[in-house]
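Numbers here simply count residues along the sequence, with the first being 1. Everything numeric here is computed off the predicted structure, so don't read it as measured data.
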Amino acid sequence: FSISNLGMFGIKAFSSIINEPQGAILSVGAGEQRPVVKNGQLAVATVMTVTLTCDHRVVDGAVGARWLAAFKALIEDPITMIV
């Protein structure tokens with residue numbers, strides 16, 4: 001597993017190529033303020049785009065999607081990582 005971060009260069013979203021012999025790579029884009037709807041109200045939030053590239057010989061797409069859902073939950077509420 002690798003992590004590639006181009007967000008520090010202002011890149012919003014990108015897809016990475018898997019490095020052998022790894023099975024997946026997470027591409028991390030820049031956080032930026034975007035309009036979002038929270039509790040039915042328009043608000044501004046910092047949003048980051050991540051992309052997961054999986055080698056389907058190693059990681060099934062459904063497993064990768066579940067991993068991204070778990071990652072999203074942790075990033076949105078980071079206190080849960082230390083509790």
Side-chain angles (χ1 to χ4, degrees):
F1 194 93
S2 291
I3 298 174
S4 181
N5 178 12
L6 292 180
M8 63 186 144
F9 299 113
I11 305 300
K12 295 178 187 176
F14 65 104
S15 296
S16 298
I17 297 172
I18 300 168
N19 301 306
E20 290 290 334
Q22 297 165 347
I25 187 166
L26 182 70
S27 307
V28 180
E32 65 176 341
Q33 291 193 329
R34 296 184 197 165
V36 296
V37 177
K38 288 185 182 178
N39 301 323
Q41 299 291 321
L42 190 59
V44 176
T46 301
V47 178
M48 172 181 76
T49 300
V50 298
T51 304
L52 182 67
T53 304
C54 300
D55 181 344
H56 285 260
R57 295 171 295 180
V58 179
V59 179
D60 184 65
V63 173
R66 286 195 303 271
W67 187 91
L68 274 177
F71 178 77
K72 178 180 183 277
L74 291 170
I75 291 297
E76 288 180 343
D77 191 14
I79 194 71
T80 60
M81 288 187 264
I82 59 172
V83 173

>> Going by side chain to side chain contact (heavy atoms under 4.5 Å, CB included), name the residues that satisfy it together with Q33, two or more places apart in sequence or in a different chain.
In response: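 Only V44, T46 meet the side chain to side chain contact (heavy atoms under 4.5 Å, CB included) criterion with Q33.
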>> Other members of the hydrophobic cluster containing L6, with the 4.5 Å side-chain heavy-atom rule, please.
In response: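 L6 clusters with M8, F9, I11, F14.
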> Taking ILVMFWY side chains as joined if any heavy atoms are under 4.5 angstrom apart, and letting links pass through other members, which residues group with I3?
Replying inline: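 When side chains under 4.5 Å apart are linked, the cluster holding I3 also contains F1, L26, V28, M48, V50, L52, W67, L68, F71, I75.
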How far apart are the closest heavy atoms of [X] and [Y], and which atoms are they?
| X | Y | result |
| --- | --- | --- |
| S2 | N19 | OG-ND2, 3.6 Å |
| K12 | T49 | O-CB, 3.5 Å |
| L42 | P35 | CD1-CB, 4.1 Å |
| S4 | S16 | CB-OG, 3.4 Å |
| A45 | V36 | CB-CG2, 3.7 Å |

> Is there a donor-acceptor contact under 3.5 Å linking the side chains of T51 and S27?
Replying inline: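 No.
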> CD1 of I17 to CD1 of I25: how many Å apart, nearest 0.5 Å?
Replying inline: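 Spacing of CD1 (I17) from CD1 (I25) equals 9.0 Å.
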> Just how far is it from atom CD of Q22 to atom CG of D55, taken to the nearest 0.5 Å?
Replying inline: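 Spacing of CD (Q22) from CG (D55) equals 11.0 Å.
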